[in-house]
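Proteins get letters first, then strands, A, B, ... in listed order; numbering begins at 1 in each.
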Protein chains: 2
Amino acid sequence: MGPTTPSTRERIIAAASKLFYSEGVRAVSVDAVADKAGVTKRTLYYHFKSKDDLVAAYLEGRDQPNLALFRRWFSEADGSVADKVRSIFHHLAVSARHPKWKGCGFLRTSAELANMPGHPAIKIGAAHKKRFEGWLSEMFESEGIASAEPLARQVVLLMDGAFAAGLLQRDASYMETAGDAAFALVNAAVPTKTRRR
Amino acid sequence: MGPTTPSTRERIIAAASKLFYSEGVRAVSVDAVADKAGVTKRTLYYHFKSKDDLVAAYLEGRDQPNLALFRRWFSEADGSVADKVRSIFHHLAVSARHPKWKGCGFLRTSAELANMPGHPAIKIGAAHKKRFEGWLSEMFESEGIASAEPLARQVVLLMDGAFAAGLLQRDASYMETAGDAAFALVNAAVPTKTRRR
DNA sequence: CTTTGTATACTAACTAGTGAGTGTAAAATC
DNA sequence: GATTTTACACTCACTAGTTAGTATACAAAG
């Protein structure tokens, strides 16, 4: 039972994903996506009613896999909650050292489409970040942290900052620094009884 | 003695600045900038050798004024260093509530040009953020904070995160949350003798 | 003092190419 | 027989950048 042959629609999304992430959604033409997918432009427009639609599908396709990665990195890490949070940043720092790394696709797309506030892709990006923040908040709550929500938001802010600054400076170490700051904030919020000595 | 009539070059940069910031550098055509500046496209190309050049001039023109604002907000705030840092975030939150706010022009431009790593505008953006970080670090050092450099970087990360996340969510309160986190980090780093009670 | 030369600042019209999206008819796949 | 895909020509708006030429000012040469 090997992997099913991807449908045309899936191949188009996969091609769009690679191109949009590496070049930016505005820099990539619909023709380029169709070529990369090995499909005519007309076929692409059979599956997606517009380029905006395709951009939305690109981000939609990254939502769940991204969250799954974060959850895995968190659960597989040893130590306290603070350590587990820092582990996510560490894994991101490793990715950021890859030459093809271009920051966060959600944030970059929202920056590119900042003049189209109601764009479906922006809504998807916003929802994605909210889901991540919500999950983090749950993790903190289950550790008895009182300020779980603002703390989760602060951690997300550090991560988004590291995405943005790391991309601007082309320096993956921003992600580690952000992880250290997140560690400090989370550790300070953990109830004294359970804080690691 | 009044303000000197702006030169053609200055008018072009002013027009570019408004358009590039509000629409994004890729979304705005050279023609649109020329129209807004009230000059022909050929005149624009007389003063700037390419669109890339114009984009660089746009960010160059925002570097010093931006830094001056931060310095002013910092110096005019009451209280400890931590309070002064938080004051910067508070002022940014106020700006972020303006309907025309579109995040940080430097970060958004770097996101738009992520596929052109050597672009002059990206270098200018990177240098701008480094200058801000360096100035912050000096402020921390003069307060006897030992970890001035990493602390400055953490504060910058929070600010950049608030720019990115605040833009994606269209919610200025991210800037206040980031300010609170920055306050906590700075306050924890201040030598005990001088920490506010 | 008038002519000629030259540098600056500017304009209108244009080139050559790309952008998203469509029309249509025929072919392939299910 | 319905859905999916191709081939490809086409529209129309827009894009970065250019060709060729004009207005003004100021200085050197006659």
- Message: Holding to salt bridge (Lys or Arg N to Asp or Glu O under 4.0 Å), I want the full list of residues that pass it with B:D31, two or more places apart in sequence or in another chain.
- Response: B:K41
- By salt bridge (Lys or Arg N to Asp or Glu O under 4.0 Å), which residues pair with B:R9, not counting sequence neighbours? none
- Could you identify which residues of residues 50-57 of chain A place a heavy atom less than 4.0 Å from some atom of DNA chain C, listed by residue number, or say none? A:S50, A:K51
- Nucleic acid contacts of residues 22-34 of chain B, taken as heavy-atom distances under 4.0 Å to DNA chain C: none
- Determine which pairs satisfy side-chain hydrogen bond (donor to acceptor under 3.5 Å, both in side chains) with at least one residue from residues 110-119 of chain A, sequence neighbours left out, and list them in order. A:R26-A:N115, A:D52-A:H119, A:N115-B:E23
Got a sec, which residues hit side-chain contact (heavy atoms from CB on, under 4.5 Å) with [X], two or more places apart in sequence or on another chain?
X	answer
B:S17	B:Y58, B:R62
A:K36	A:A15, A:K18, A:L19
A:A82	A:S80, A:F183, A:V186, A:N187
A:K123	none

- Query: Can you say whether the rings of A:W135 and A:F74 are parallel (under 30°), tilted (30 to 60°) or perpendicular (over 60°)?
  - Reply: perpendicular
- At the 4.0 Å heavy-atom cut-off to chain B, mark where contacts on DNA chain C begin and end, going 5' to 3'. C:dT8 to C:dA12
- Task: Look up atom CG in B:L157 and atom CG in B:L185, then write down how far apart they are to the nearest 0.5 Å.
- Result: 10.5 Å
- Message: Rounded to whole Å, how long is the line connecting atom CG of B:D35 with atom C1' of D:dT15?
- Response: 13 Å
- Task: May I have all residue pairs that pass salt bridge (Lys or Arg N to Asp or Glu O under 4.0 Å) and include part of residues 102-111 of chain A, sequence neighbours excluded?
- Result: none
- Query: Is any NZ, NE, NH1 or NH2 atom of the basic residue among B:R153 and A:E176 found under 4.0 Å from an Asp or Glu carboxylate oxygen of the other?
  - Reply: no
- Message: Treating primed atoms plus P, OP1 and OP2 as sugar-phosphate and everything else as base, which nucleotides of nucleotides 4-9 of chain D get B, S or - for protein heavy atoms under 4.0 Å?
- Response: SBBBB-
- Query: Are any side-chain N or O atoms of B:K129 and backbone N or O atoms of B:V156, one a donor and one an acceptor, separated by less than 3.5 Å?
  - Reply: no
